[in-house]
Structures are given as structure tokens and as C-alpha cells.
2 protein chains.
Amino acid sequence: MIACLPASGRRRAGILCAMTEDAPGPHRPGRPGLVEVAARAGVSIKTASRALNGEGYVAHETRQRVQQAADELGYRANGMARELRLGGNTSTLIGMLGGDLGNPFYSKLASGLEREVRFRGLQLVTVNTDEDTRSEQRLTDALLERRVRALVVASTLPSHEHLAAEHRHGIPFVFVDRPPVGLSADAVLLDNRGGAHQAAAHLLELGHTRIGIVGDLSRLSTNQERVTSFGATLRAAGIADWREHLIEDAHDVDTAQRAVLDLLRRDPAPTAIFTTNNRITTGALRVLHRLPAPPALIGFDELDMGDILGVTVVTHDPENMGRQTARLLLERLDGYAGTARWVILPTRLIPRASSRRPPGTG
Amino acid sequence: MIACLPASGRRRAGILCAMTEDAPGPHRPGRPGLVEVAARAGVSIKTASRALNGEGYVAHETRQRVQQAADELGYRANGMARELRLGGNTSTLIGMLGGDLGNPFYSKLASGLEREVRFRGLQLVTVNTDEDTRSEQRLTDALLERRVRALVVASTLPSHEHLAAEHRHGIPFVFVDRPPVGLSADAVLLDNRGGAHQAAAHLLELGHTRIGIVGDLSRLSTNQERVTSFGATLRAAGIADWREHLIEDAHDVDTAQRAVLDLLRRDPAPTAIFTTNNRITTGALRVLHRLPAPPALIGFDELDMGDILGVTVVTHDPENMGRQTARLLLERLDGYAGTARWVILPTRLIPRASSRRPPGTG
DNA sequence: ATGAAAGCGCTAACAA
DNA sequence: TTGTTAGCGCTTTCAT
């Protein structure tokens, strides 16, 4: 195909190939506008506009001339200008803030959302907040300035009162995964309490009484709900000291791995472990899969290979969350101006091999 | 927290909750603009602009008045208008077209890219093409009209000549995963041939001679490279009829599953299988994991749980691909106007348990 | 240190 | 059927 030489000194690239022809830089030699097209077709600017937009009341022959001029010039309408003129104050962009779009939870959510809004001619702008509150603030501002038509946010902030003004100005917010605080806005959430309760009940039923919990950042409402509900169920079963085996703030796979190791080194060690999200479950699996007699495991969120690995999970459907989010959002865009709605999606326990491991002789 | 009632008749939602306060619809009662702010602060529109942008030459006291007026009014600069005025013809948006942003390959790529461009104040607009050529065309146009500053595209099209005009107008394209055809543009690709070769060599070394191949859409260049390179290695080892065990166009997990079953039902059945991407590997695993004596397996692309499942893979780093893409793109934006560059990233074979299964008595 | 006017590329309203 | 004018919200001259 092409002659390639091994890269020399380039950071991480493997091979670097130089192609033959030239490609231009960002030097912009004035794109053709409606004026140029109109001139070339020998019509007025408005006629050109009409012709290109198929507005009717344009002579067939004229329309063709204009179209041809546009093609020859490589004309492309300027969406920004159009929108500025049209409503002035809104675009066809939907903004979405998520913790980490590399995480399947967020990316499937985003993907489901995108598929729904695409048919309305809307585009999705996604940004990673890295679950960082400052990033979230800055990026929210940036999206709002870009005049996104609506904002979908998986927020890390403890309060959303600062968004009240925007909200009143008519831009729809849909909170996903985590609810709005101090602001009455639409939301699509999971039944975290129900899911965690099922998980706990399942383990109790199997005879476990010493159960470890590895949780995400403790400031996140999702995590709080999952942990407290799980704990409440244990307590109701007479396990008062459940917090003894609780480790929180395991926000990535590595720290989750360490947390699990920590739990297992205790004496007596827990006979079962509950992990509150997909990353933590992954970390736990990395540790458990090479143990001769691992403790039982239940994770929140489905895993890509959950069925094959035989991991018991509390599952739900992120793509569906995306679709529900789209629904709420589009209804707002279509004029619904009623009270804020919270859609709470169910979770489901899928018992698999990892929880069939008995409490043993602990 | 809030009173919730079970949803009645709602499509898939679980529970629907009505909040108390009101939330406005899209009725836009005129957002405040610079004019309003200026008026309220008792200064000219230009002074307001200067004050808000911290341009200097504004009396301290004036600046405060303006700032306060802006805050009270909930003023937010209009990015579209600003950009229109500024260059007229470009935004701070980067467009990215991918087959399925729900697929970890694309979402990690996108995430890596987003993390790099974010620091330059650029935002990433991602769209799913569903590997459909018509969608790709339409969405490309939409992004171009929105005047994205650059376009990242994992293309499904057989040719990209239609983009030549755009390219000459100065908008940088970076092709990812699949190279541009009929257009000289930057690209970030994988060493598909090398990876497939390694996979074949590995299986040959272990004594396999009857090897099944399950491929993706046959029109995709990535798939062609992987399949033909794999086949070439087999042929070089004296296996002339390798195409007998080739099944292509298994584009999703389900069809991949069926393809694998098909291969296994043959007599004699292959003693090993090569799957050309992550989805197909997943499908294969679903079938193989419950077989008493499954054939050996090698998959292209790493899997989330590849290490735990013990799947031998030809791996690479999608997030790094995103970073490399960002690098090329930002260099263009910074004025590099030289020849198009292709960065070809290496792949690496990770031998794990799934390929240690011997050819058996086939 | 502040203001007036012009215009980015487009479309709506109103002529012609 | 076509053209003229104005203006979306902002920033850039060029005054003052």
C-alpha cells in the first residue's frame, strides 16, 4: 500500500507513514457563502437561499443554476449563522455530562440517547467530568454558552441550585443516575435501594452473615443508596455490625482490588462480598478468580461477560436509561411544561454461580 | 424523599414520580443579551462586552456594575454569535463519526480523544452511524454544516472523494481505524495484518491445522486485512483450503454465535477459531464456555474481562488511539499543513488459556 | 475609559 | 417568481 518507516522518537506511535499529496492546514481561504453562490448563479442572495432550501416559488431553471453554482463552489450552509438568525438563542445540540464516557455504563447510556435524538436532527455533545466537581462546573458553563438545547447530566455536585436560573430560562435539564438537589428537574434514576436490598436478601438467604461491602466515592448519592439499603437489610436480619466490613471510595479497579484484598485478609474474613458498581466488581473479580475458595460475590451493574463469568449481579439496562432520558427531554422540547418527572427504572437480580458459593466454615 | 406511584401504561419506565414545583417548557421569554446587561448597568453595549471579557480599559467600578447586572439577569454569553463574529466559519466543536458508541472500542477511543481536546476548549460531538453508509453521509453533512473544526471518522464508505472539497477548504479530517480512500488525509490505524499474522502463527505453532475464522462485515477494510493476513499465514504453512472454514458478515453477537455453532457442527470441525473483533469474540465465548472440550480461541481486540476469562487476544489500546488522533488533529489546528500522516499502532498477542487447548484428536 | 457603527452568514418580512 | 432590507448577539474598528 504505502511505504512506512518505523517511527523515531515519537511518543507512542507505532509506525509513521508520510503520504504523497498535500493536505492543507487550518488556513481558511474564505469559504464560499450564499453571496458567492448567488453571484455565480446570477441571482440575488435570497433567491439562492430559497433555492437551496427548497422553499418553493423558485423557477425550476433558476433552482438548477443555483444548485450547480453551489456544487461547483463546494458551498455548505453555515449552521451557526442559520441558528443565530432563526431563534437566536438555541442550537440543535444536546449536551451530556458524564463521569467517564469510557465506562460502558455511560457510553451505553449516551449511545441509547443519541440514537433517539438523532432522528430529530439533534446532535449529542458528550464530555467527561471525571467525577470532578470543578470540571463539571466549567463544562456545564461551556455547554450552556454553546446554547445546547437541553442538558443531560450525571452530576457529582452536592447541589444544583446554581442551575435554577438556566432552568427558568427554559432550557430542559434531565438528570441521569443521580437526582437533582435543590432544583426541580426531570430525572431518570435507578432503583438503587431495591437492587441493593435484593442483593442483601439473596446473600442472607444463602446463609451469609459476614458480608463485605466495597463502595464507590462515598459522596455519590447512588453509592449512598446502595450501601445504606444493603446495610439496612443486613441490620434487619440482626447483623448490627455490618459497617465493620464496609470499605468505600474505591473509585477505580485498582483501589477496588486493594479493598477486596484488605477484606480478605481480615480474620475472620467475610464469606461474601457486595460491590456497588461495575468497576469495583471488575476489581473484585481480578482478585477472586485466582483464589481456590473465593467468597461469594454480588455486583451492582451488569458486566459485559457477566453470564459467561457466572457473576451474580443486580442488573439494569443503560441503553434503556438513555432512551427514557431522550423521551423526557424530547417531550420538554415539544412543549411539555408541567411538573418535573422522575422515572425510576427497576433493577433485577440475576443469580449466577458466584453467589452459589456457600458461607463455608467461616 | 418523594411520593412515587407505579407507572401505568408507560412504555418501559418503572416508577413515575411527579415533583411538586413547576418546571418551564421550551417557551423562551427572551434570554438577556448584552443589550439588557448594558442597559441595566447604564453603560454601552461595548463596555459591557469589555467588562465581561476582562479586556482591560474598563474602570474598576464600571466592571463591577456590569458584572452585577449580568449576574442578576442570569446573563450567559452566546457562543454561536461570538463564533460567527469571530471567524465566522468555525466552531469549537470536533465531530466524530463511529459505528456504535456503545461498543467499548469506539467509546474508549472517543473518551481518549475527548480528554485531550477538552483542554483546548474544544468539545466532542459524537454520532452513531450504525456502520450504515447512508447515515454516515447524512451525519457527515450535518456535522460539517455545524462547522465542526475537525472531523474524526471511522468510515464505512468505500470512497471518500466526496470529501475532497471540504478537505481543501481547510477542515482537518482524521480517519480512525479505517483508512481514507481516494483522499489524502491523516489517519490512525491498527496494524491489522501484523496482529492477524501473529494470531495465525500462534495457532500454527500449537499444531492447529483446521482453523475456523469468523469475520465482521466483509466490506470493512479492517476485516479484510485481518482475514486475508490470517489466511495468508495459513496458506504459507501449507493450508490451502483455509477459506473452507471462513464465515464473514457476523456483525453482532447473535450472528457470531450462530456462525460459531455452524463451524462446530461441521465434520471434521475446526480445532481452533479466530474471531476478528470484540463482538464476535463475545459471541464465540457464549457458545464455547459451555462446551466440555471447546476448540482453541483467539480474538482480535482486548475484552474487558479478557484476563479473567483467560481469552487469548490480539490486543491494542483504543484510548491511546484516541490520544494519537487528538495529536494529529491538534497539530493541524495549530497550523501544520504538510503531507498527510498515517499513524499505525502496533498490536500485541497475549497468549492465555483459551489458546492452550490442544488440537486434540480432530 | 467609553461609545457608535459595521458586519460575521444567514433568513423573515415585505416589497417589486 | 425574485429582490431589498433588517437584524439574530456578538466583537471589531475607529472615534471620542
Side-chain angles (χ1 to χ4, degrees), chain A residues 28-67 69-70 73-92 144-149 169 171, chain B residues 28-67 69-70 73-92 144-149 169 171:
Chain A
R28 224 155 297 274
R31 279 193 75 106
L34 224 30
V35 233
E36 282 79 9
V37 176
R40 178 175 256 257
V43 295
S44 90
I45 170 176
K46 178 58 196 175
T47 303
S49 167
R50 268 196 281 254
L52 262 11
N53 293 332
E55 266 185 49
Y57 292 103
V58 186
H60 182 67
E61 193 260 350
T62 310
R63 167 161 301 163
Q64 288 204 316
R65 269 214 326 283
V66 173
Q67 187 61 58
L73 259 37
Y75 170 78
R76 193 141 246 155
N78 185 325
M80 293 192 298
R82 169 181 290 153
E83 280 168 353
L84 186 57
R85 181 64 247 252
L86 251 33
N89 243 323
T90 194
S91 69
T92 60
L144 253 13
E145 289 203 354
R146 179 105 305 116
R147 289 297 188 270
V148 291
R149 244 218 199 125
H169 276 307
I171 126 133
Chain B
R28 223 157 296 275
R31 279 196 74 107
L34 223 31
V35 234
E36 282 78 8
V37 176
R40 179 176 257 257
V43 295
S44 88
I45 170 178
K46 175 59 198 173
T47 303
S49 167
R50 269 196 279 253
L52 261 11
N53 294 333
E55 268 185 48
Y57 292 101
V58 187
H60 182 68
E61 193 260 349
T62 309
R63 166 161 301 163
Q64 289 205 314
R65 267 213 328 281
V66 173
Q67 187 61 56
L73 259 36
Y75 170 79
R76 192 142 246 159
N78 184 327
M80 292 193 298
R82 169 180 290 151
E83 280 169 355
L84 185 57
R85 181 66 245 256
L86 250 34
N89 244 322
T90 195
S91 70
T92 60
L144 253 13
E145 289 202 354
R146 179 107 305 115
R147 289 296 189 272
V148 291
R149 239 211 204 133
H169 276 305
I171 125 131

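Protein chains get the first letters and strands the later ones, always in sequence-line order, with residue 1 at the start of each. As the structure is a prediction and not an experimental result, all values here were calculated from the model.
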Starting the side chain at C-beta, find the nucleotide from [options] nearest to [X].
X     : options               : answer
A/L84 : C/dA12, C/dG9, D/dT2  : C/dG9
B/I45 : D/dT11, D/dG3, C/dA1  : D/dT11
A/K46 : D/dT2, C/dA13, D/dT11 : C/dA13

Would you say [X] places a side-chain N or O within less than 4.0 Å of OP1 or OP2 belonging to [N]?
X     : N      : result
B/N53 : D/dT11 : yes
A/Y57 : C/dA16 : no
B/T62 : C/dT2  : yes
B/S49 : D/dC10 : no
A/S44 : D/dT2  : no

At under 4.0 Å between heavy atoms, what does A/V35 touch on the DNA or RNA strands: base, sugar-phosphate, or nothing?
nothing

Send over the distance from [X] [atom1] to [N] [atom2], rounded to a whole Å.
X     : N      : atom1 : atom2 : answer
B/L34 : D/dG9  : CG    : P     : 11 Å
B/L86 : D/dT13 : CG    : P     : 11 Å
B/L52 : D/dT11 : CG    : P     : 9 Å
A/R85 : D/dG9  : CZ    : P     : 10 Å
A/E83 : D/dC10 : CD    : P     : 15 Å

_Please check this pair: side chain of A/N78 against backbone of A/M80, looking for a donor-acceptor N/O pair closer than 3.5 Å._
yes

Practice prompt. Would you please say whether a donor-acceptor pair under 3.5 Å links the side chains of A/T92 and B/R146?
Written response: yes

(Q) Would you say that B/R76 contacts A/R147 through its side chain, given a criterion of any heavy-atom pair below 4.5 Å between the two side chains? (A) yes

From the list A/Q64, A/R63, A/R65, side-chain hydrogen bond (donor to acceptor under 3.5 Å, both in side chains) partner of A/E61 resolves to A/R65

Is the base of C/dG3 touched by the side chain of B/R50 through a donor-acceptor pair closer than 3.5 angstrom? yes

Exercise for review: Tell me, with the steps shown, if B/E83 and B/T90 meet side chain to side chain contact (heavy atoms under 4.5 Å, CB included).
Suggested key: CA-CA 7 Å; B/E83 280 169 355; B/T90 195; over 6 Å; no

Should A/L34 and A/L52 be marked as a side chain to side chain contact (heavy atoms under 4.5 Å, CB included) after you check the CA-CA gap, both sets of side-chain angles, and the distance that decides it?
CA-CA 10 Å; A/L34 224 30; A/L52 262 11; 3.9 Å; yes

Rounding to the nearest 10°, end axes of the helix from C/dA1-D/dT16 to C/dA16-D/dT1 built from five pairs each make an angle of 40°

Comparing nearest nucleotides in DNA chain C, the 5'-proximal residue of the pair B/A59, A/E55 is B/A59

